[in-house]
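Worth saying up front: this structure is predicted, and the values here are computed from it rather than measured.
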Protein chains: 2
Amino acid sequence: MKIGELAEATGLTRDTIRFYERNGLIKSEAGKQATNSYRDYPEELVFRLNIIQQARDAGVSVSDIKAIFDALDGSCDPADAKLVVAEKIAELEASKQQIESTIAFFKQQLANL
Amino acid sequence: MKIGELAEATGLTRDTIRFYERNGLIKSEAGKQATNSYRDYPEELVFRLNIIQQARDAGVSVSDIKAIFDALDGSCDPADAKLVVAEKIAELEASKQQIESTIAFFKQQLANL
DNA sequence: GCAAACCATGGACCATTGTCAACGGTATAT
DNA sequence: ATATACCGTTGACAATGGTCCATGGTTTGC
């Protein structure tokens, strides 16, 4: 699919998709037509970009997402991969705790209004 | 207390504390001694800065923290204050959801390694 | 009384995460 | 065939959240 369709399907802008591609989060292929320079984005990127959005919203940095994808995409030692992912999960659990504490504090303040 | 002590007590750097002060998250008083220009930071800032750290770790922006503190610090209409804080709580709940989903995804990927 | 440690201010600098504008080429619908 | 909408590339721009440095003054320990 073309970048505009992908943007439509994911709710991201073309610029953001290109930004992610520049940063190695996704890859596109050269289109079949020799007449233009339009890139072809595989359908499965819709799902992948949804994951990326979710992770970004969860506060995971672009470079960390890349590291995790690189680990998961099977190119490296599975044992190393597990470490990378497990560590990020631990960080996310910690973030979650911070959020919960913050919510608790705000709620308590709210009660004192 | 002096800024160095506050930094020590909170684990933040002096620069960061000054940054937060510039951005209205905290206030200091002019020191009693006329001989120097050292500022005096009230003890309660230790707690306040801990909250700030927690909120920052939870992904709350500096300007949002300021808005919430302004709301809580009683200078404005309590009804408005409640709205501001409640809205931020809702955002944090949403963040938490994103994090949980992301954790779930990563865990599932981990299982497939 | 002197060095080392502290303080305030100002401004420069940095990475991250996009976003936008300009340019020239291509597709598509009428 | 022509207007409109799309595409790729490049490079500039912006906001956020700090961090660092230089300068000049102050305090403290020895």
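- Here the P atom of nucleotide D:dG8 and the CZ atom of A:Arg18 are 5 Å apart, to the nearest Å.
- Considering CD1 of A:Ile26 and OG1 of A:Thr10, their distance stands at 8.5 Å, rounded to 0.5 Å.
- Considering only side-chain atoms of B:Ser37, the nucleotide from D:dC6, C:dA8, C:dT19 that sits closest is C:dA8.
- At a threshold of 4.5 Å between non-hydrogen side-chain atoms, the residues A:Tyr20 and A:Ile65 do not count as touching.
- Taking 4.0 angstrom as the limit, A:Arg56 places a side-chain polar atom (N or O) nearer than this to OP1 or OP2 of C:dG18.
- Taking every side-chain heavy atom of B:Thr13 into account, D:dT19 is the closest of D:dT19, D:dC6, C:dT9.
- Checking the phosphate oxygens (OP1, OP2) of C:dG18, a side-chain nitrogen or oxygen of A:Tyr20 falls inside 4.0 Å.
- Protein atom CD of B:Glu8 is 13 Å distant from nucleotide atom C1' of C:dC6, rounded to whole Å.
- Which of D:dG8, D:dC7, D:dT27 sits closest to the side chain of B:Thr35 comes down to D:dT27.
- The separation between B:Asp15 atom CG and C:dC13 atom P is 16 Å, rounded to whole Å.
- Under the 4.5 Å side-chain criterion, counting only non-hydrogen atoms from C-beta, A:Phe19 is not in contact with A:Leu25.
- Among the nucleotides D:dT19, C:dA27, D:dG17, the one closest to the side chain of B:Ser61 is D:dG17.
- Rounded to a whole Å, the CZ atom of A:Arg14 is 14 Å from the P atom of D:dT9.
- Rounded to a whole Å, the CD1 atom of A:Ile17 is 12 Å from the P atom of C:dG18.
- To the nearest angstrom, P of D:dG17 lies 15 Å from CD of B:Gln53.
- Using a 4.5 Å heavy-atom cutoff, the side chains of B:Phe106 and A:Lys88 are in contact.
- Side chain B:Tyr38 to base D:dT27: no donor-acceptor pair is found below 3.5 Å.
- Of the candidates D:dG8, D:dC21, D:dG17, the closest approach to any side-chain atom of B:Phe19 belongs to D:dG17.
- Under a 4.0 Å N-O distance rule, the pair A:Glu93/B:Lys107 qualifies as a salt bridge.
- Between A:Asp40 atom CG and D:dC6 atom P there is a gap of 18 Å when expressed in whole angstrom units.
- Per the geometry, CD1 belonging to A:Ile3 stands 19 Å off P belonging to D:dA5, to the nearest Å.
- Place A:Lys2 and A:Arg22 on DNA chain D by their nearest nucleotides, and A:Lys2 ends up nearer the 5' end.
- For C:dA8, neither phosphate oxygen OP1 nor OP2 lies less than 4.0 angstrom from any side-chain nitrogen or oxygen of B:Asn36.
- B:Thr16 has a side-chain polar atom (N or O) that falls below the 4.0 Å cut-off from OP1 or OP2 of D:dT19.
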